[in-house]
Amino acid sequence: MGRHANPDIRRAFAEFQDESTPSKCNKVRCLHCGFVRAKNTTRQIEHLQECQAYLSSAEAQAHMRENPEGTTPIDPSMPDPNTRAILNGTHPNPNLQVHRRGPNSKRNREGLPIMPHMPQNVAPSPLVPSLTAHLLTVCGPSFQAATQTPFLSHAGCGTLAAAPLSQWLVQDGHYARGYIRFIGQLLAKIRLPQTTNSQFHISYRTMDLLISALNNIRREITFFEINVTKYGLALNNDPPSPITRAYLDLFLSASSSSASMLEGMVVLWGTEHCYRSAWTYAATFSGTLSTPSTDAHIVALHQSLIPNWTSPAFSKFVDATRALVDELANTTTSPNGKEEMLRCEEVFRQICWLEERFWPDVDGMGQEDESARLASGGGLGSLSGNGLSGSVGPLGAGIGGQSDTETPGANGQVAFSGLNGIENQEA
């Protein structure tokens, strides 16, 4: 194996007892990526050597700096004196080789040791299935279209007009208030079992993440109100657009009793992942600003809004949500698992389709472009090209109608959507 930095495995993994299995075997969960497996020191070491979340962490980088020369290979014929030391807190040797049946002591008739047969082509260990990676693969073009729009590039370049930004902020406020109800309904779906170690149980960890989501969005509303006043952003009292209503209907359906918790969590992760990717795309254009703009809305974008949604705190929340979705998908015991996976694919396609149209249309100068939306039939267009027909998919409650998830704020005040990266975020 190549040289990698590894932490003390006791700090890198959290051990817990799986109450859902008859044997109640001990399992461990990687604190960096959320990967869960049976407790096995060797396999834990192997996981850390391939865990990109750990390898990019500050702990791994610090260990690499402290050990620039790495470790020397272990002689296969000699027992490793550090094997037991690993359990006492020392850093594991990344070149550790384990003889499951002890050292080879067989000899031929001449008394010479018999060399074990070493296979030439060893198949790599199978990767743990990832639902989120699958969704991003099958919906790759749609996801790119949803997160790389002219609105975002103009926002990053500093050429976006004030009107499209105000339009987006108003609609995003309706979205955010519907988001609060969505999270509340997901919390109501959780059934908490009695357990002796709740902090490691997936139901309790799902509850903790959703509670953090509510706390974060409440802080975000305050963050928004402060910035509206600070930068003098002009907002109106427009009602939810048809696209916004369709988004709210999706929230309502994905958290209903007919939808599984996995489907609801896919919607949560999908919206937040699109959000982070979109503003990260906008941030890539910030370097094209030759001179700082004095327009209040551009200053707000580059000093507050874009940094807020590309912050490490927000990324940490999105990554935690993704790990939890993958864990839920890998531990589901639904008798109709394939059907549930297909529904997850469909709701993610809906998210990408809606997200692309949620950003206001702008022309080549960054000005509001109503003609583009009118040309597509009033903003909704045809869903058949996306595998969706009639409404916004089977989870949609219909589009163009009234949605009971919209609760306008007083005096037209609105909020940014999603779980932002405010510095005191703990998700």
Side-chain angles (χ1 to χ4, degrees), residues 27 29-30 32-37 43 46-47 50-56 123-148 182 186 189 202-203 205-206 209-210 213 247 250-251 253-255 258-278 280-281 315-356 383-389 392-396 418-419:
K27 290 190 176 183
R29 175 169 57 90
C30 178
H32 296 278
C33 68
F35 173 69
V36 176
R37 63 153 291 113
R43 297 305 181 199
E46 293 174 352
H47 169 74
E50 301 175 354
C51 178
Q52 295 301 319
Y54 161 66
L55 294 176
S56 60
S125 57
L127 298 176
V128 177
S130 170
L131 173 61
T132 56
H134 170 72
L135 295 177
L136 291 173
T137 299
V138 298
C139 303
S142 299
F143 177 77
Q144 181 175 347
T147 57
Q148 299 183 15
F182 167 59
L186 287 182
K189 291 167 66 72
I202 190 169
S203 296
R205 288 190 286 114
T206 302
L209 186 139
L210 293 174
Y247 231 139
L250 177 61
F251 281 163
S253 298
S255 58
S258 61
S260 67
M261 176 59 74
L262 178 60
E263 293 171 61
M265 293 300 294
V266 165
V267 171
L268 172 61
W269 165 75
T271 55
E272 298 298 0
H273 185 61
C274 283
Y275 212 73
R276 176 180 62 174
S277 300
T280 299
Y281 172 74
S315 291
K316 181 180 179 181
F317 171 79
V318 177
D319 291 340
T321 306
R322 177 174 184 169
L324 194 59
V325 168
D326 285 337
E327 185 177 347
L328 282 169
N330 289 329
T331 58
T332 182
T333 57
S334 171
N336 300 318
K338 183 177 180 180
E339 179 182 343
E340 187 174 30
M341 294 301 110
L342 292 176
R343 291 199 302 269
C344 290
E345 287 184 17
E346 187 161 4
V347 297
F348 189 70
R349 287 192 182 94
Q350 294 174 44
I351 291 169
C352 292
W353 192 91
L354 291 169
E355 193 71 23
E356 179 185 358
L383 297 177
S384 59
N386 294 275
L388 310 173
S389 60
V392 190
L395 288 180
L419 280 293

Which atom of L186 lies closest to which atom of A254, heavy atoms considered = CD2-O, 4.2 Å

query = At their closest point, which heavy atom of G270 faces which heavy atom of F348, and how far apart are they?
reply = CA-CE1, 3.9 Å

task = Show your working on salt bridge (charged side-chain N to carboxylate O under 4.0 Å, His left out) between R276 and E272 and close with a plain yes or no.
result = CA-CA 6 Å; R276 176 180 62 174; E272 298 298 0; over 6 Å; no

task = Show your working on side chain to side chain contact (heavy atoms under 4.5 Å, CB included) between L354 and Y247 and close with a plain yes or no.
result = CA-CA 7 Å; L354 291 169; Y247 231 139; 4.0 Å; yes

side-chain contact (heavy atoms from CB on, under 4.5 Å) partners of [X], counting only residues at least two apart:
X	value
Q144	Q148
S260	L262, E263, E340
A145	E356

Just verifying a value: how many Å separate [X] [atom1] and [Y] [atom2], rounded to the nearest 0.5 Å?
X	Y	atom1	atom2	result
C352	L136	SG	CG	8.0 Å
L210	M261	CG	CE	6.5 Å
C139	W353	SG	CH2	14.5 Å
I351	F143	CD1	CZ	10.5 Å
W269	L328	CH2	CG	13.5 Å
L324	D319	CG	CG	12.5 Å

request  = Give the C-alpha distance, both sets of side-chain angles, the deciding distance and a yes or no for side chain to side chain contact (heavy atoms under 4.5 Å, CB included) between M265 and L131.
outcome  = CA-CA 12 Å; M265 293 300 294; L131 173 61; over 6 Å; no

task = Only counting residues at least two apart or in another chain, list the ones meeting side chain to side chain donor-acceptor pair (under 3.5 Å) with S255.
result = Q185

task = Would you please name every residue forming a side chain to side chain donor-acceptor pair (under 3.5 Å) with H47, sequence neighbours left out?
result = none

query = Among side-chain atoms of Y275 and E355, is any donor-acceptor pair under 3.5 angstrom?
reply = no

task = Kindly indicate, with the supporting measurements, whether the criterion side chain to side chain contact (heavy atoms under 4.5 Å, CB included) is fulfilled by L209 and L268.
result = CA-CA 11 Å; L209 186 139; L268 172 61; 3.9 Å; yes

query = Going through the checks in order, is the side chain to side chain contact (heavy atoms under 4.5 Å, CB included) test met by L342 and E339?
reply = CA-CA 5 Å; L342 292 176; E339 179 182 343; 5.6 Å; no

request  = Using salt bridge (Lys or Arg N to Asp or Glu O under 4.0 Å) as the criterion, list what pairs up with R205, not counting sequence neighbours.
outcome  = E327

